[in-house]
Amino acid sequence: MNDDMKGSIMGALENVIDPELGIDIVNLGLVYDVDLDDEGTAKVDMTLTSMGCPMGPQIVMNIKQELSELPEVKDVDVNIVWNPPWSRDKMSRYAKMALGVR
């Protein structure tokens, strides 16, 4: 996958908002890696802010919806991982400012 395609995927993922925090999953630092294979399957490795996050299924559904709008993407595989664990340090400066986190 080239850098332009990775940028397109990450840009689409910026449209996926964590409903509890009101910030997109990219700026929250929840997306760890993305890839697009030769068959058009987009693979997203990500985490959630907590293991019991009730919004997890909604976020995954929104990821699939956003990525399916890219013409190169034929299928979406979202892999929720817990290592490394998410922390506030993974958030972008924008997310920290929006949430009032130092």
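Note on I17: it does not cluster hydrophobically with Y94, by side-chain heavy-atom contacts below 4.5 Å among ILVMFWY residues. The cluster map of Ile, Leu, Val, Met, Phe, Trp and Tyr, joined by side-chain heavy atoms under 4.5 Å apart, puts M61 and L67 in different clusters. A single hydrophobic cluster is seen to contain both M55 and L99, as judged by linkage of ILVMFWY side chains at heavy-atom distances under 4.5 Å, directly or through other members.
Checking side-chain atoms of W86 against main-chain N and O of L28 turns up a donor-acceptor pair under 3.5 Å.
Every residue meeting the side chain to side chain contact (heavy atoms under 4.5 Å, CB included) condition with M97, not counting sequence neighbours, appears here in chain and number order: R93.
Donor-acceptor pairing under 3.5 Å is lacking for the side chains of E66 and N62.
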*Check the pair V16 / K64 against side chain to side chain contact (heavy atoms under 4.5 Å, CB included), numbers first and verdict last.*
CA-CA 10 Å; V16 178; K64 291 180 178 187; over 6 Å; no
*Test K96 against R102 for side chain to side chain contact (heavy atoms under 4.5 Å, CB included), laying out the working first.*
CA-CA 6 Å; K96 288 177 181 176; R102 292 183 178 213; over 6 Å; no
*For the pair I80 and V78, evaluate side chain to side chain contact (heavy atoms under 4.5 Å, CB included) and give the outcome as yes or no after the intermediate values.*
CA-CA 6 Å; I80 305 291; V78 179; 4.1 Å; yes
What pairs of donor and acceptor atoms, side-chain ones from residues 37-53 against any protein atom, are under 3.5 angstrom apart with sequence neighbours left out?
| residue | atom | partner | partner atom | Å |
| --- | --- | --- | --- | --- |
| D37 | OD1 | E39 | N | 3.0 |
| D37 | OD1 | G40 | N | 3.1 |
| D37 | OD1 | T41 | N | 2.8 |
| D45 | OD1 | N79 | ND2 | 3.1 |
| T47 | OG1 | V81 | O | 2.8 |
| S50 | OG | C53 | N | 3.4 |

Please list every donor-acceptor pair under 3.5 Å in which a side-chain atom of residues 18-25 meets a protein atom from a residue at least two apart or in another chain.
| residue | atom | partner | partner atom | Å |
| --- | --- | --- | --- | --- |
| D18 | OD1 | E20 | N | 2.9 |
| D18 | OD1 | L21 | N | 3.2 |
| D24 | OD1 | V26 | N | 3.0 |
| D24 | OD1 | N27 | N | 2.8 |
| D24 | OD1 | N27 | ND2 | 3.3 |
| D24 | OD2 | N27 | ND2 | 2.8 |

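Remark: D3 CG is loosely packed, at most 12 non-hydrogen atoms of other residues, nucleotides or ligands lying under 6.0 Å away.
Nearest heavy atom pair, residue Q65 against residue S68, reads O-OG, 2.8 Å. When all heavy atoms are compared, the tightest approach of M1 to L36 is SD-N, 3.5 Å.
Interatomic distance, CG of D4 versus CD1 of I9, reported as 11.5 Å (0.5 Å rounding). A distance of 8.0 Å separates CD in E69 from CG in N15, rounded to the nearest 0.5 Å.
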